[in-house]
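As structure tokens, the structure follows; a few thoughts come after it.
Any value given below was found using the heavy atoms of this structure, including those in side chains, with hydrogens, waters and symmetry copies removed. Convention: sequence-line order gives letters A, B, ...; per-chain numbering from 1.
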Number of protein chains: 2
Amino acid sequence: MSDPDTRSRILSAAELLFTEHGFEATSLRMITGAAKVNLAAVNYHFGSKEALIQEVFKSRLTWLNEERLRELDRLEHAAKGEALKPRQIVEAFFGVALKMAADVKGGGRNFMRLLGRTYTEPSAFIRNFLGGEDAAVISRFKTALFAALPDVPRAEILWRFHFMLGAMAYAISGADAPHIVAAGDLEESDPEALTARLMSFLIGGLRAPLPEIHAAKKPRERKAA
Amino acid sequence: MSDPDTRSRILSAAELLFTEHGFEATSLRMITGAAKVNLAAVNYHFGSKEALIQEVFKSRLTWLNEERLRELDRLEHAAKGEALKPRQIVEAFFGVALKMAADVKGGGRNFMRLLGRTYTEPSAFIRNFLGGEDAAVISRFKTALFAALPDVPRAEILWRFHFMLGAMAYAISGADAPHIVAAGDLEESDPEALTARLMSFLIGGLRAPLPEIHAAKKPRERKAA
DNA sequence: CTATGATTCAAACATTCGTTTGAAACCATC
DNA sequence: GATGGTTTCAAACGAATGTTTGAATCATAG
């Protein structure tokens with residue numbers, strides 16, 4: 001009767017079904033059906049549907065953000081007090097996520113698709129939860145970017161970081177997007193190729209000339225990426 | 001009794017509520033309450049909730065895509081058979097959307113937020129609907145980009161277009177995103193500044209050096225954007 | 001073996017949902 | 001005024017939802 005698997009089977013089923021159907025359209029009966037457990041097990045093990053949703057994110061998201069911070073620590077340690085290059089920072093943040101997204105069998109790919117989708121989720125409770133989870137890592141990375149790009153206004157860096165997140169979310173969603181279907185002939189990209197493609201795009205965008213709202217105030221020149 | 005407003009009041013209320021809560025979490029009773037109409041009016045005027053969802057998108061999305069095509073036509077007419085510059089094409093596609101997003105009072109801003117969110121919506125019926133609506137405009141723009149960037153592999157262009165869409169979606173969502181909340185100190189950007197910021201980022205990404213998966217095959221050089 | 005706590009179970013509960021129904025009210029035309 | 005079509009209304013319908021409940025089952029320790 002004491003089945004250590006019940007809890008993890010619910011989590012796995014929920015993760016897949018949330019990705020496929022969204023939170024609202026995935027019922028607990030769908031999840032328990034897929035996990036082959038009893039409906040009451042959800043409330044026994046998790047307390048509520050909301051708590052289950054948060055649990056689905058917790059461990060992977062914690063690992064993702066901790067890994068990002070570890071990567072940044074390694075880079076900063078190796079740099080011995082010098083500022084990092086923007087490319088390094090971008091690779092630490094986005095590269096770790098893309099590596100996770102490349103892990104099909106372990107569920108990382110599905111999770112990153114769910115995460116990318118969830119960042120535009122209307123539900124305030126989910127947005128607040130994610131915001132809380134991301135606060136420390138975002139703060140660290142923005143500080144590192146400010147140091148790496150001293151000539152770029154902070155607002156510009158923040159907005160570009162935000163655009164980069166959108167690009168990554170769509171990259172991860174990939175063939176799910178209606179545009180891809182409409183475009184028709186886009187081949188599936190293998191994880192390494194997708195990473196290379198996205199990184200190139202992100203660095204290009206990050207190091208693009210400043211828009212007119214700033215260029216008049218402070219001429220800028222390109223630096224090594 | 002014959003109230004030409006009932007239908008449009010339902011549409012307006014639905015548009016706002018779908019943006020705020022998502023499709024599944026917005027009930028018809030919420031919509032009819034906000035619109036001050038009877039619950040059965042939805043089925044009388046629209047037939048079903050799904051049909052209402054599609055109606056919410058139809059007229060604005062048709063206008064958006066037609067305006068994009070008109071802009072592209074104008075550019076091509078002025079170019080007299082020469083290929084357009086990539087920047088022109090990007091401005092025709094994304095600029096029109098951002099102009100719509102700048103229209104707070106007329107509801108364009110809310111609509112673009114809804115649209116950006118909807119592109120990652122799990123529901124297959126919504127994705128199929130949007131894909132169908134976008135097919136012609138996407139096809140035209142990809143053809144124009146291929147002509148503008150003859151040295152760039154087509155797959156690269158398509159993926160970069162996709163990344164750009166993600167960046168735009170997040171740009172429009174703006175302060176809704178958990179990352180922005182976590183970042184804390186990002187100031188609201190006025191529409192013109194946001195457009196300039198995003199365009200700079202998009203062109204930078206589009207014209208970024210090709211990733212390693214291609215660079216070995218075909219050396220590339222920068223062209224005028 | 002018994003007692004206790006943990007876990008699972010089926011059923012029930014209260015609520016909510018999109019859709020339907022038949023009547024009432026309204027409008028336009030003759 | 002009568003007629004037919006349109007629109008709105010309140011209530012009902014059947015289904016689905018997350019949560020709760022009390023009993024049964026299981027596992028462990030004494």
Once you round to the nearest 0.5 Å, how far does CD1 of A:I126 lie from CZ of A:F23?
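Between A:I126 CD1 and A:F23 CZ, I get 4.0 Å after rounding to 0.5 Å.
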Protein-nucleotide distance ([X], atom [atom1]; [N], atom [atom2]), rounded to Å:
{"X": "A:N38", "N": "C:dA6", "atom1": "CG", "atom2": "P", "value": "19 Å"}
{"X": "A:R7", "N": "C:dA6", "atom1": "CZ", "atom2": "C1'", "value": "15 Å"}
{"X": "B:Y44", "N": "C:dT21", "atom1": "OH", "atom2": "P", "value": "16 Å"}
{"X": "B:D5", "N": "D:dT6", "atom1": "CG", "atom2": "P", "value": "20 Å"}

Please determine if a side-chain N or O atom of B:H45 lies less than 4.0 Å away from the OP1 or OP2 oxygen of D:dT8.
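The answer is yes; a side-chain N or O of B:H45 sits under 4.0 Å from OP1 or OP2.
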Is there a side-chain contact between B:T6 and the phosphate of D:dT7, meaning an N or O under 4.0 Å from OP1 or OP2?
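Checking D:dT7 against B:T6, no side-chain N or O comes under 4.0 Å of OP1 or OP2.
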Please name all residues satisfying salt bridge (charged side-chain N to carboxylate O under 4.0 Å, His left out) with [X], sequence neighbours left out, ordered by chain then number.
{"X": "A:E133", "value": "none"}
{"X": "A:K58", "value": "A:E55"}
{"X": "B:R74", "value": "B:E67, B:E71"}

Just to verify, what does B:R68 make a side chain to side chain donor-acceptor pair (under 3.5 Å) with, not counting sequence neighbours?
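Listed in chain order: B:N65.
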How does each nucleotide of nucleotides 13-20 of chain C score, in 5' to 3' order, for protein heavy atoms under 4.0 Å: base (B), sugar-phosphate only (S), or none (-)?
----BBBB
Contacts of type ring-ring contact (aromatic ring centres under 6.0 Å, His included), residue B:F94, not counting sequence neighbours:
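Only B:F161 meet the ring-ring contact (aromatic ring centres under 6.0 Å, His included) criterion with B:F94.
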